[in-house]
Amino acid sequence: MFDYETLKLIWWGLMAVLLIGFAVTGGFDIGVAVLLPFIGRNDDERRLVINSVGPTWEGNQTWLITFGGALFAAWPLVYAAAFSVLYVALMLTLFALFLRPVGFDYRSKLPSARWRNNWDWALFVGGAVPALVFGVAIGNLFIGLPFAFDSSMHVRYAGSFFDLLNPFGLFCGVLSVAMLTLHGAAFLASKTGGSTVGGRAVFATRVFGLLTLVLFALGGLWTARLPGWQLTAIGALNEALEPLGKAVTITGGAWLANYAAWPTLWVLPLLGILGAFAAVALAGRAPRLTVVASGLACTGVILTAGAALFPFVLPSSLDAVSSLTLWDAVSSHKTLGVMLGVAVIFVPLIMLYTSWVYRVMRGPVTVERLKNDTHSY
């Protein structure tokens, strides 16, 4: 059995793996949905776009569901505080995600062009809104969320949903949409080959790849100017810690302190930049490598944010000491150990099953194939 400190670090890493797993798999589903009304110019082309992700999109949501369950079990205080402060944002995301299964299943039930067009826009909303909200939520972690704990560890929060829509939060939301749309465009181009839709997807890959590259670089410069949270004192990391028993300061540029302390971390933003650049350079030439490159861009962006925040998980703007870290917001030693055993078994199973599904469903999607396939959307 690992000691408590090591388990805390392992679970921080596992949460990152689950989040990246969703961004890399469910991310291109979201990106394809964002592109649907624009890349598909007629019903056949839109069916082509939808069926590029049709066989796999449901399985990709496993990563998001697992992340939510793991958050509840491993970081219960984070779950409680986040779902209080971000309640409206999370409900908005949830209802937007509802449009995805309904849209996929009901779009082709009627031959009406108006019916299908409305569902196409519903699928767009089901992709664009979650992508935007996820980015806004991450951006607000760097601003701090308006919550605080009292001496009895009851959480109180202030502000409203509209307070989350601050300039930096919205900026991160736009970056999130651009990044996932890049990934979706790269995947769509790989599935539709040399078709007209594929050509438009290649163009979209280049556009959103450049947009991701520019926004990510600008985001780094903006973050360097933000006041950041810094942990200055805490108890023994190998013990159960009282969240209000630490000392936290807020100073300018503190979000880059980890990069100054460990220069090797600069490989993470470099991965994001090179991934986006490679996706642009490879678009239309090497479809599969383009998907890999866009996936690396997503991974680099997420890890860059995680490394900057470390060890904070949920910074508080109301009371810096109430900010939650991976050291003091976790479940008990035994709970983390038991859950790790479960994760060691089931996370590889999810990865193996996902790999098998993609292997079975490999190959291009064509209009002719859809017309002969009674199981297509």
Side-chain angles (χ1 to χ4, degrees), residues 1-23 63 66-86 134 137-145 147-149 153 155 223 228-250 254-259 261-262 264-265 268 299 301-317 319-344 347:
M1 174 66 73
F2 295 106
D3 62 44
Y4 201 10
E5 179 181 353
T6 303
L7 280 174
K8 293 175 183 179
L9 282 170
I10 289 174
W11 270 101
W12 183 86
L14 281 174
M15 297 301 290
V17 168
L18 293 173
L19 186 59
I20 291 170
F22 174 66
W63 293 99
T66 305
F67 177 82
L71 182 66
F72 172 75
W75 291 339
L77 286 177
V78 174
Y79 183 91
F83 274 70
S84 296
V85 180
L86 302 174
F134 290 151
I138 296 298
N140 274 275
L141 294 183
F142 289 89
I143 302 295
L145 293 173
F147 75 93
F149 293 102
M153 290 307 296
V155 64
T223 303
W229 280 241
Q230 197 163 20
L231 186 64
T232 55
I234 196 170
L237 302 181
N238 200 38
E239 298 177 0
L241 297 172
E242 167 62 40
L244 299 180
K246 58 182 178 290
V248 179
T249 60
I250 301 177
W255 288 132
L256 296 186
N258 288 335
Y259 289 95
W262 299 288
T264 53
L265 290 177
L268 301 178
T299 302
V301 170
I302 293 171
L303 288 178
T304 297
L309 289 167
F310 183 92
F312 290 94
V313 180
L314 207 66
S316 168
S317 59
D319 175 28
V321 175
S322 292
S323 300
L324 297 174
T325 73
L326 67 94
W327 306 122
D328 56 19
V330 296
S331 295
S332 67
H333 189 178
K334 184 175 183 179
T335 299
L336 293 184
V338 171
M339 286 176 53
L340 179 61
V342 174
V344 166
V347 171

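FYI, side chains are in, hydrogens and waters are out, and symmetry mates aren't considered; it's all heavy atoms of this structure. The structure displayed is predicted, hence computed values, not measured ones.
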Inset, instruction - Decide yes or no for Asp3 and Leu7: does some side-chain heavy atom of the first lie under 4.5 Å from some side-chain heavy atom of the second? - result: no
Inset, instruction - Could you check if a side-chain atom of Glu242 sits within less than 4.5 angstrom of a side-chain atom of Asp328, using non-hydrogen atoms only? - result: no
Legend entry - Minimum side-chain heavy-atom gap Phe67-Phe22 below 4.5 Å: no
Inset, instruction - Kindly compute the distance separating NZ (Lys8) from CG (Asn238), expressed to the nearest 0.5 Å. - result: 7.0 Å
Inset, instruction - Compare all side-chain heavy atoms of Pro315 with those of Trp255 and state whether any distance is below 4.5 angstrom. - result: yes
Inset, instruction - Working to the nearest 0.5 Å, report the span between CZ of Phe147 and OG of Ser317. - result: 8.0 Å
Legend entry - Backbone of Ser331 reached by a side-chain donor or acceptor of Thr335 within 3.5 Å: no
Legend entry - Side-chain heavy atoms of Phe72 within contact of Phe83, under 4.5 Å: no
Legend entry - Donor-acceptor contact below 3.5 Å, side chain Asn258 vs main chain Phe310: yes
Legend entry - Minimum-distance pair of heavy atoms, taken over all atoms of Met15 and Ala70: SD-CB, 3.7 Å
Inset, instruction - State which residues pass side chain to side chain contact (heavy atoms under 4.5 Å, CB included) with Val321; sequence neighbours excluded, sorted by chain then number. - result: Leu244, Asp319
Legend entry - Phe312: which of Leu324, Thr325, Leu141 passes side chain to side chain contact (heavy atoms under 4.5 Å, CB included): Thr325
Inset, instruction - Taking the side chain as every heavy atom from C-beta outward, state whether Leu340 and Trp11 have any pair of such atoms under 4.5 Å apart. - result: yes
Inset, instruction - Would you confirm whether His333, through its side chain, and Glu239, through its main-chain N or O, come within 3.5 Å as a donor-acceptor pair? - result: no
Inset, instruction - State, with a plain yes or no, whether a side-chain heavy atom of Met153 is found less than 4.5 Å away from one of Leu77. - result: yes
Inset, instruction - Kindly say whether the aromatic ring centers of Phe2 and Tyr4 come within a distance under 6.0 Å. - result: no
Legend entry - Check: Trp63 and Ile20 side chains under 4.5 Å, non-hydrogen atoms: no
